[in-house]
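One structure is given here, and the rest of the page talks about it.
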Amino acid sequence: MQLRVPGPTPIPDEVLQAMSRQMVNHRGPEFVELIRSVTASLKEMFQTKEDVLILTASGTGGMEAAIVNTLSPGDKALSVSIGVFGDRFADIAEQYGAEVIRLNFEWGFPADPQAVRQALSQNPEVKAVLVTHNETSTGVTNDLASISAVVREFDKLLLVDAISSLGSIDLPTDAWGCDVVVTGSQKGWMVPPGLAMVSVSEKAWKANAEAKMPRFYWDFAKAKRFLDERGQTPWTPAVSLFYAFRVALDRFQREGLPNIVARHMRVGNKARAEVKSMGLSLFPEDSCASNTVTAVRAPEGLDVRGLLKILREEHDVVLAGGQQRLDGKIFRIGHLGYVSEEDIEAVSQALRAALPRAGYAKVG
Ligand SMILES: Cc1ncc(COP(=O)(O)O)c(C=O)c1O
């Protein structure tokens with residue numbers, strides 16, 4: 001099967017097999033060694049010397065943790081949103097009592113760093129900026145290098161949702177001054193859903209010491225204490241996913257981060273070229289199109305649901321539709337993690353066969 005949704009992503013056999021191992025005591029020496037080595041390898045992938053914590057949660061749990069560990073009710077946060085997941089970040093902050101200033105951009109476009117600069121100039125009391133590195137709902141990668149430079153100019157906290165980018169698209173956490181970066185195991189990491197990984201900078205720890213939002217399960221300070229002092233997590237971790245992670249990270253280290261980033265670039269280019277060769281157009285412009293997910297505009301007459309059904313039932317290819325207001329308007333090809341150009345070729349062949357039957361006759 002070609003599972004080409006933007007997460008969960010396919011898992012290599014050796015990673016799957018690692019998960020069939022018997023349990024170990026999560027308060028015993030085997031787990032100490034495991035969490036220490038997984039955390040050390042993750043730090044390399046985050047390109048950070050700061051702390052990385054592993055939470056048993058989906059990505060949204062990591063986003064919630066980022067908010068409640070750095071902010072207090074009444075704090076001002078600037079939300080830079082370009083789609084569904086940017087809006088979610090803002091919603092979480094609002095739910096916990098932050099005063100959220102929403103800087104929303106048209107879906108399909110990246111955030112304009114100049115507009116971020118203007119919003120920060122107009123709102124000097126903003127404490128944190130929330131931004132999505134790669135907006136999975138629209139297939140757009142933000143120019144995080146430029147946005148982070150602006151946030152640094154104003155010396156604000158920068159909380160980054162890198163759930164569908166980290167480990168696939170370059171994100172030098174420390175070099176760009178990102179204070180909390182969140183990612184999720186089911187995306188580029190070749191691990192099943194269930195773990196959220198977060199980096200926490202020194203500046204974020206200072207904010208953490210003063211942050212008053214309620215937290216218990218998500219408490220970063222407790223997680224750090226358990227990790228540093230005992231090599232444990234405060235709560236029972238998803239042990240099998242740690243087994244998986246060790247093997248997946250070995251693969252990461254064998255391939256090397258620059259090569260992984262380059263492979264995602266090649267795969268992204270291939271996906272975009274194939275789609276265009278069918279006469280279809282991308283939802284975003286090429287210049288900001290993501291290397292982990294390709295969003296394709298549904299042309300007049302195309303029944304997106306019908307297309308996804310034919311692909312799934314007759315070609316064993318699983319793609320994603322559009323979310324919220326993009327439902328029926330786009331479809332998305334996920335290409336992150338365990339993916340090669342050959343996989344995209346297979347998706348492309350299936351699409352060429354299925355598109356005319358779903359109402360689009362002009363396949364090139
Ligand atoms: C950019 C982005 N943010 C947040 C999420 C939410 O993560 P999860 O579904 O793991 O809670 C996703 C997952 O689709 C995502 O792609």
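For ligands, and for the atoms within them, numbers begin at 1 and follow the listed sequence. Keep in mind it's a predicted model, so treat the numbers as computed, not measured.
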NZ/NE/NH1/NH2 to OD/OE distance under 4.0 Å, D174 and K43 = no
Atoms in ligand 1 with a heavy atom of Q186 nearer than 4.0 Å | 8 (P), 10 (O)
Taking atom types as modelled, is there a side-chain donor on S340 or E342 under 3.5 Å from an acceptor on the other?
-> yes
What atoms of ligand 1 come closer than 4.0 angstrom to any heavy atom of R88?
-> 6 (C)
Residues F154 and S121: closest non-hydrogen pair is CZ-OG, 3.5 Å
Any Q95 side-chain heavy atom under 4.5 Å of E64 side chain | no
With heavy atoms of I163 as the reference, note each atom of ligand 1 found under 4.0 Å away.
-> 2 (C), 3 (N), 4 (C), 5 (C), 12 (C), 15 (C)
T60: numbered ligand 1 atoms lying under 4.0 Å from its heavy atoms = 6 (C), 7 (O), 8 (P), 11 (O)
Report yes or no: does K187 have a heavy atom closer than 4.0 Å to ligand 1?
-> yes
Check each atom of ligand 1 against the heavy atoms of M63 and keep those under 4.0 Å away; list them by number with element.
-> 4 (C)
So is there a nitrogen or oxygen of G59 less than 3.5 Å from a nitrogen or oxygen in ligand 1?
-> yes
What are the two closest non-hydrogen atoms of V68 and R215, and how far apart are they?
-> O-NH1, 2.8 Å
Residue, atom name and distance, where the atom is the protein heavy atom closest to atom 12 (C) of ligand 1 = F85 CE2, 3.4 Å
Please examine the side chains of R263 and E341, heavy atoms only from C-beta on, and report whether any two atoms are closer than 4.5 Å.
-> no
Taking only non-hydrogen atoms of T136 and a 4.0 Å limit, the atoms of ligand 1 in range are 1 (C), 2 (C), 15 (C), 16 (O)
S58 heavy atoms, cut-off 4.0 Å: which ligand 1 atoms fall inside?
-> 8 (P), 10 (O), 11 (O)
Taking both backbone and side-chain atoms of D161, is any N or O found less than 3.5 Å from an N or O belonging to ligand 1?
-> yes
Note: ligand 1 atoms sitting under 4.0 Å from heavy atoms of N134 are 1 (C)
Qualifying residue for salt bridge (Lys or Arg N to Asp or Glu O under 4.0 Å) with E345, from R352, R4, K270 | K270
Are any of the side-chain heavy atoms of L319 and L307 separated by less than 4.5 Å?
-> no
